[in-house]
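Atoms within each ligand, like the ligands themselves, are counted from 1 in listed order.
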Amino acid sequence: MLRRLITTTALLAAALTGAAGGTAAAADAPLRDLAEARGIHLGTAVTGGKLTGAYADTAAAQFGSLTPGNEMKWGSVEPVRGQYSWTGADRIVDFAEAHGQRVRGHTLVWHSQLPSWVSGGTWTPDALRAVMTDHVTTQVTRYKGRVHQWDVVNEPLNEDGTLRQSVFGATLGESYIADAFRAARAADPAAKLYLNDYSTDGVGAKSDGMYALVRRLLAQGVPVDGVGFQAHLILGQVPASLEANLRRFADLGVDVAVTELDIRMTLPATAEKLDRQKADYAAVTRACLAVTRCAGITVWGFTDSDSWIPDFFPGQGAATPYDEQLNPKPAYAGIAGALAPVAPPGPAGCTATYTAQSQWGGGFTGQVTVRNTGTAPLAGWTVGWEYPAGQRITQAWNAAVTQTGTAVTATHLPYNGTVPAGGSATFGFNASWTGANPPPAALTCS
Ligand code: G3I
């Protein structure tokens, strides 16, 4: 719970001075700061070769975590058996460290972007297992202490939730997953180890398969720390069960993360579609925030000029929070708005002001206004005063008023006890007087 409360004074100040609950001013803060203040990481996939100029500046300023889009895949780092090439991956890890960012390592074992010596090889189970665990051990050791989370196994399942018959699944069965995780744990005990897949974002056959798989692995003592939900989504189709799905995995005792978020639309992008996309990005962000074990959100490329969508889905695109010229789109505001700081309950406080409104021989009508001077809503109020000249309340409205001797106590009624910060409530009364009708010297309000 605590992690959901803002801790950054500057962000809170921005929130309190901004309009509409502070989102306008707070949205000026970088996404990475807004996210950290809410207890999650906001990351992006990047292309290492583009990390210069405005692209680099935006990636550094806005995102607290980087994922290499391609540079850590098996085909990139070990194109030839036993010959590793770390240049592309190093560039991103070095950049992240220089800018105080975490790294999500993506990915150690995946059926795609494999070097042909693996995908086209003829393997005995033992030989493939040895090659796989060598690869995992070498890569995780290389970045020990520098990669925060690893997608150890990526996309292990078919659409119906059964084990994908990749070279790994077909040759080794489900056991390859346990072996990969154990090798990764041994190589870097501090790294968080994730199982990652797509189309598992909502509750359904594939996510049911993933859920059952994670349970089996945990029951075997396999060191699965987290489950990644890629969330390659379609405009207007954020699964209604996203939050519930994240939560059911979290309830298994693992972290969850949205690892490859993008929300594609049929081109051209229109103002209406971009607005819908803003709402969709906000909904995904809120779902993660609502689940305590959701570690963070990574967008799969932060700019439309660096997105896989147009190449893979002809006629679709505009899927990321920035346009091709690196201008933030409404989606950016959607994320920022959802991440806007939540003010902790502030000190309670109220004042009461007393007015004698009209007076006649022996009687008068008075009114008291209760003002909430705190930063949190009042959940009820009680006002007290002493009459200096024997006045007596005879009738009251909008408060329950009692008088004992000279002491008057007025308490809210069921319908006007809640007073928002800065708001007020008013009650009135009739009273009698003789001789003089001076106002009370002071009123208490609590
Ligand atoms: O590097 C070559 C370049 O030399 C060549 O000129 C060019 C010609 O097409 O291709 C370049 O390689 C491309 C590579 O991205 C780097 O840009 C590959 O063709 C292309 O297939 C590859 O696509 C990547 C895709 O994974 C492969 O499946 C995307 O960039 C990458 O964003 C995408 O990421 C995956 C995640 O890893 C797993 N989840 C799904 C996600 C989207 O497909």
Review point. Ring centres of Trp150 and His106 under 6.0 Å apart?
Key: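 They do not qualify: ring centres at least 6.0 Å apart.
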
**Study point:** Ring centroid separation Phe168 to Trp110 under 6.0 Å
**Key:**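 No, too far apart.
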
**Study point:** salt bridge (charged side-chain N to carboxylate O under 4.0 Å, His left out) contacts in which one or both residues fall within residues 323-332, not counting sequence neighbours
**Key:**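 Only Asp304-Lys329 qualify under salt bridge (charged side-chain N to carboxylate O under 4.0 Å, His left out).
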
Check your understanding: Just checking, is any N or O donor in the side chain of Asp225 or Gln149 under 3.5 Å from an acceptor N or O on the other one?
Key ->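 The answer is no; no qualifying pair exists.
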
**Study point:** Per-ligand residue contacts, ligand 1, heavy-atom threshold under 4.0 Å
**Key:**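 For ligand 1, the residues that come within the 4.0 Å heavy-atom cutoff are Asn70, Lys73, His106, Trp110, Ser112, Gln113, Asn154, Glu155, Gln230, His232, Glu260, Trp300, Trp308, Phe312.
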
Practice item. Could I get the full list of ring pair (Phe, Tyr, Trp, His ring centres under 6.0 Å) partners for Phe302, not counting sequence neighbours? Key: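 Partners of Phe302 under the ring pair (Phe, Tyr, Trp, His ring centres under 6.0 Å) test: Tyr55, Phe63, Tyr322.
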
Practice item. May I have all residue pairs that pass ring-ring contact (aromatic ring centres under 6.0 Å, His included) and include part of residues 185-214, sequence neighbours excluded? Key: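 Every pair satisfying ring-ring contact (aromatic ring centres under 6.0 Å, His included) with a residue in residues 185-214: Tyr211-Phe249.
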
